[in-house]
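First up is the structure itself, then whatever we jot down about it.
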Amino acid sequence: MLLKTEADTAQLARALAGFARAGDAILLSGSLGVGKSVFARAFLRSFCAAPDMEVPSPTYTLVQAYDSPTATAYHFDLWRLGSVEELDELGWDDACEGVMLVEWPERLEDMLPPDALHITLTVGAKGSRHATLAGWEGRLPPQPLTLLERRV
């Protein structure tokens, strides 16, 4: 789907937050500067019902936990992950019980959560952003563009 503006990226994130539940994983792939952090901030603010919540990037801490009305949300940024063995120290098993938002999921190697929603963000030739969604079969609308029309 085409994301013409950062507002579209944020709207997609807010819409998907409405579908998230405990035990879910959302895996965000894409190059630096493609909008993963914009997506993560909007998702977490919506999921936690806290529109003004501070959402710093966990680039250096690797994980940040957030309380929400339904489940704890865990935001992982695995850019600096040395090895998958470090996930134990980051509380990966506990995070699997909540909602996980994972940037740079390719660093998980064989630890990718089953039944995750995979979102790949790309930048087109003229700077337009695109999102490709895969997963959560039967949970999302059959026409993904309707997610941008949802007002959450």
Side-chain angles (χ1 to χ4, degrees), residues 1-50 55 57-59 62-81 83-88 90-124 128-152:
M1 80 179 53
L2 176 64
L3 304 172
K4 296 179 183 178
T5 65
E6 276 192 11
D8 285 350
T9 302
Q11 180 58 34
L12 174 62
R14 288 190 297 272
L16 291 172
F19 291 95
R21 57 187 181 223
D24 281 344
I26 299 167
L27 309 178
L28 291 171
S29 297
S31 59
L32 287 171
V34 77
K36 295 184 300 294
S37 293
V38 169
F39 181 96
R41 283 185 185 96
F43 178 91
L44 290 164
R45 288 175 178 147
S46 181
F47 185 74
C48 295
V55 182
S57 175
T59 300
L62 301 182
V63 65
Q64 183 70 41
Y66 298 90
D67 291 326
S68 88
T70 58
T72 302
Y74 297 87
H75 181 195
F76 287 87
D77 183 333
L78 302 180
W79 175 251
R80 295 181 50 246
L81 186 71
S83 70
V84 292
E85 288 77 24
E86 292 177 20
L87 291 173
D88 285 338
L90 297 174
W92 182 259
D93 289 338
D94 290 335
C96 289
E97 302 295 320
V99 171
M100 295 189 302
L101 187 61
V102 182
E103 296 184 51
W104 304 102
E106 51 277 355
R107 299 192 186 260
L108 290 171
E109 299 174 9
D110 62 347
M111 301 252 327
L112 285 171
D115 303 319
L117 176 62
H118 298 261
I119 301 172
T120 302
L121 299 171
T122 57
V123 178
S128 61
R129 304 288 202 268
H130 299 269
T132 304
L133 281 63
W136 287 8
E137 285 79 14
R139 288 178 58 189
L140 300 178
Q143 298 297 322
L145 287 177
T146 61
L147 292 170
L148 292 179
E149 297 166 4
R150 287 177 54 113
R151 297 293 171 225
V152 181

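All values below were derived from every heavy atom in this structure, side-chain atoms included, with hydrogens, water molecules and symmetry-related copies excluded. Throughout, numbering of the chain's residues begins at 1 and tracks the sequence. Every value quoted in this text rests on a predicted model; they were computed, and no experiment measured them.
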(request) For F47, check ring pair (Phe, Tyr, Trp, His ring centres under 6.0 Å) against everything at least two apart and list the hits. (result)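 Checked F47 against ring pair (Phe, Tyr, Trp, His ring centres under 6.0 Å); matches are F43.
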Looking at [X] and [Y], what are the two nearest heavy atoms and their distance?
| X | Y | value |
| --- | --- | --- |
| V99 | A20 | CG1-CB, 4.3 Å |
| L117 | G135 | CD1-O, 3.9 Å |
| G98 | Y74 | CA-CE1, 4.3 Å |
| C48 | P69 | O-CD, 3.8 Å |
| H130 | G124 | CD2-N, 4.1 Å |
| P105 | L112 | O-CD2, 3.6 Å |

Would a 4.5 Å heavy-atom cut-off, applied to side chains only, mark [X] and [Y] as touching?
| X | Y | result |
| --- | --- | --- |
| R45 | R14 | no |
| V55 | Y66 | yes |
| R80 | W104 | no |
| L81 | L87 | yes |
| D94 | T72 | no |
| L62 | E86 | yes |

With a cut-off of 3.5 Å and sequence neighbours excluded, list every side-chain donor-acceptor pair involving residues 22-39.
from: D24; atom 1: OD1; to: R139; atom 2: NH1; distance (Å): 3.0
from: D24; atom 1: OD2; to: R21; atom 2: N; distance (Å): 2.8
from: D24; atom 1: OD2; to: R139; atom 2: NH1; distance (Å): 3.4
from: D24; atom 1: OD2; to: R139; atom 2: NH2; distance (Å): 2.6
from: K36; atom 1: NZ; to: G30; atom 2: O; distance (Å): 2.9
from: K36; atom 1: NZ; to: S31; atom 2: O; distance (Å): 2.9

(request) Supply the atom-to-atom distance D67 CG to T70 OG1, rounded to the nearest 0.5 angstrom. (result)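 D67 atom CG to T70 atom OG1 measures 10.5 Å (nearest 0.5 Å).
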(message) So, taking the atom named CH2 in W92 and the one named CD in E97, what distance separates them when rounded to the nearest 0.5 Å?
(response)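 Separation between the atoms: 12.5 Å.
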(message) Restricting to side-chain hydrogen bond (donor to acceptor under 3.5 Å, both in side chains), what partner residues turn up for E85, sequence neighbours left out?
(response)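 Counting only residues at least two positions away or on another chain, E85 forms a side-chain hydrogen bond (donor to acceptor under 3.5 Å, both in side chains) with S83.
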(message) Going by the rule side-chain hydrogen bond (donor to acceptor under 3.5 Å, both in side chains), which residues pair with H118 if we only count those two or more places apart in sequence or in a different chain?
(response)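 With neighbours one apart ignored, the set is empty.
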(request) Count the heavy atoms of every other residue, nucleotide or ligand shown that sit under 6.0 Å from CD of E6, and state whether that count exceeds 12. (result)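 Counting other residues, nucleotides and ligands, CD of E6 stays at 12 neighbours or fewer.
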